[in-house]
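Presented below is the structure to which this report refers.
Values below: all heavy atoms of this structure, side chains included; hydrogens, waters and symmetry mates excluded.
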Amino acid sequence: MQKVSSTSTIWRTIASNARNLFLFNDPSVHSFSTFSIGVTSRKLHQPEIPCDFLKWGSLGFCRTSRFATGFNPLKQKPLDSIVDVERLKDHYVEDIASIWDDYHIGRGHIGASMKAKLYHLLEHRAKECRYFVIPLWRGSGYTTMFVQVQTPHMLFTGLEDYKARGTQASPYFTVSFYTEFAESKDLVLIRGDIVFTSKLTDSEAKWLMETAQSFYLNDVRYKLVERFNKETRDFEFKDVLQALDMPIL
């Protein structure tokens with residue numbers, strides 16, 4: 001479990017290196033390049049440790065680690081391969097959201113939905129601020145998760161994995177947003193896929209997804225995201241802990 005560093009050096013390193021991310025213009029194919037990242041942990045009694053950032057691989061949204069090795073495109077699973085889109089078109093918004101949520105119960109995935117206007121706000125803010133860090137509370141401490149938002153995707157992995165595995169590290173959890181009903185129903189469907197069940201439980205993944213969205217959609221919380229991406233020298237991780245009502249260890 002990690003403790004809060006007394007300086008913001010670690011966050012400056014993460015944020016500044018994240019900005020070097022190479023982005024493709026093709027909306028159907030998103031790949032992520034390698035960059036350095038530093039992590040500090042009082043428990044390990046080490047100063048900041050640079051290590052190569054992972055190369056995100058292809059996401060077929062199946063629970064395997066085959067995309068952990070190498071540089072492959074990130075492809076979203078088509079919505080019509082999950083549900084019958086044509087049949088859903090005739091349903092009310094509430095029914096579509098309910099069907100979507102029920103479909104994912106017990107399948108090892110997470111189903112959710114949001115208003116289209118909220119998704120567009122998330123999309124707009126993510127263009128300016130793609131990265132953030134979220135503490136995941138476990139027992140008597142927390143593990144810090146690193147978040148990348150490149151709509152229609154949101155990716156989560158652990159900072160410790162960056163340090164330990166470098167380019168071989170993989171996302172623990174992926175989130176995809178489906179906008180097929182955005183215009184006609186004012187509805188965006190959300191699907192979360194836990195890549196490694198040994199890293200995250202379903203409840204933890206759901207909490208991370210909801211919490212990450214709250215930092216981008218809540219005006220007060222979003223100021224911390226802006227600070228992390230744009231004013232990193234002023235960013236303090238303890239402010240994130242306070243926003244989440246977590247103790248500062």
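Between E204 and F173 the shortest side-chain heavy-atom distance does not fall below 4.5 Å. Taking 4.5 Å as the limit, some side-chain heavy atom of L241 sits within range of a side-chain heavy atom of Y142. For the pair Q150 and R130, the minimum side-chain heavy-atom distance is below 4.5 Å. Put simply, the side chain of V147 reaches to within 4.5 Å of the side chain of M154, judged on heavy atoms. In this structure the side chain of P135 reaches within 4.5 angstrom of the side chain of L244, judged on heavy atoms. Residues F196 and T157 form no side-chain contact, since every pair of their non-hydrogen atoms from C-beta on lies 4.5 Å or further apart. Q213 is listed as a side-chain neighbour of I190, based on a closest heavy-atom distance under 4.5 Å. Contact of the V240 side chain with the M246 side chain is not registered, since no non-hydrogen atoms from C-beta on lie closer than 4.5 Å.
Put simply, OG on S170 and CG on L155 are 11.0 Å apart, with the number rounded to the nearest 0.5 Å. Here CD of E226 is found 9.5 Å from CG of D219. Values are rounded to the nearest 0.5 Å. Distance check, rounded to the nearest 0.5 Å: CD of E123 to OG1 of T151 gives 4.0 Å. Interatomic distance, NE2 of H91 versus OG of S98, reported as 10.0 Å (0.5 Å rounding). Taking NZ of K206 as the start and CG of L200 as the end, the distance is 15.0 Å to the nearest 0.5 Å. Atom CG of D202 sits about 9.5 Å away from atom NE2 of H109, to the nearest 0.5 Å.
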Going through the distances and angles, do D193 and K77 end up as a salt bridge (charged side-chain N to carboxylate O under 4.0 Å, His left out)?
CA-CA 11 Å; D193 292 89; K77 188 172 184 177; over 6 Å; no
Show your reasoning for whether side chain to side chain contact (heavy atoms under 4.5 Å, CB included) applies to Y103 and I82.
CA-CA 9 Å; Y103 173 82; I82 304 174; 3.5 Å; yes
Verdict with supporting geometry, Y222 and L121, side chain to side chain contact (heavy atoms under 4.5 Å, CB included)
CA-CA 11 Å; Y222 181 64; L121 177 61; over 6 Å; no
Audit row: K185, L88, side chain to side chain contact (heavy atoms under 4.5 Å, CB included) steps and yes/no:
CA-CA 11 Å; K185 305 286 188 179; L88 286 182; over 6 Å; no
Kindly indicate, with the supporting measurements, whether the criterion side chain to side chain contact (heavy atoms under 4.5 Å, CB included) is fulfilled by L136 and W207.
CA-CA 9 Å; L136 176 63; W207 183 86; 3.8 Å; yes
Verdict with reasoning, F156 to Y172, per ring pair (Phe, Tyr, Trp, His ring centres under 6.0 Å):
CA-CA 6 Å; F156 300 80; Y172 296 178; 9.8 Å; no
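Closest approach of F177 and L122 over heavy atoms only: CZ-CD2, 3.7 Å. Minimum interatomic distance between F228 and Y131 (heavy atoms only, all atoms of both residues): CD2-O, 3.3 Å. When all heavy atoms of F146 and V133 are compared, the closest pair comes out as CD1-CG1, 3.8 Å. Heavy atoms only, all atoms of each residue included: L187 and S113 are closest at CD1-CB, 3.7 Å. The two residues V149 and A126 have their closest heavy-atom pair at CG1-CB, 3.5 Å. Across H104 and R191, no two heavy atoms sit closer than the pair NE2-NH1, 3.1 Å.
By the 30° and 60° cut-offs, the orientation of the rings of F237 relative to F235 is tilted.
Checked by atom type and distance alone, the side chain of T211 never pairs as donor or acceptor with a backbone atom of L208 at under 3.5 Å. In terms of modelled atom types and a separation under 3.5 Å, the side chain of Y216 and the main chain of C129 share a donor-acceptor contact. Here the side chain of D186 pairs a donor or acceptor atom with the backbone of A116 at under 3.5 angstrom. Here the side chain of R221 pairs a donor or acceptor atom with the backbone of A243 at under 3.5 angstrom. Under a 3.5 Å cut-off, the side chain of K89 and the backbone N or O of S184 do not form any donor-acceptor pair.
A salt bridge does not link R125 to E128: none of the charged side-chain nitrogens sits closer than 4.0 Å to a carboxylate oxygen.
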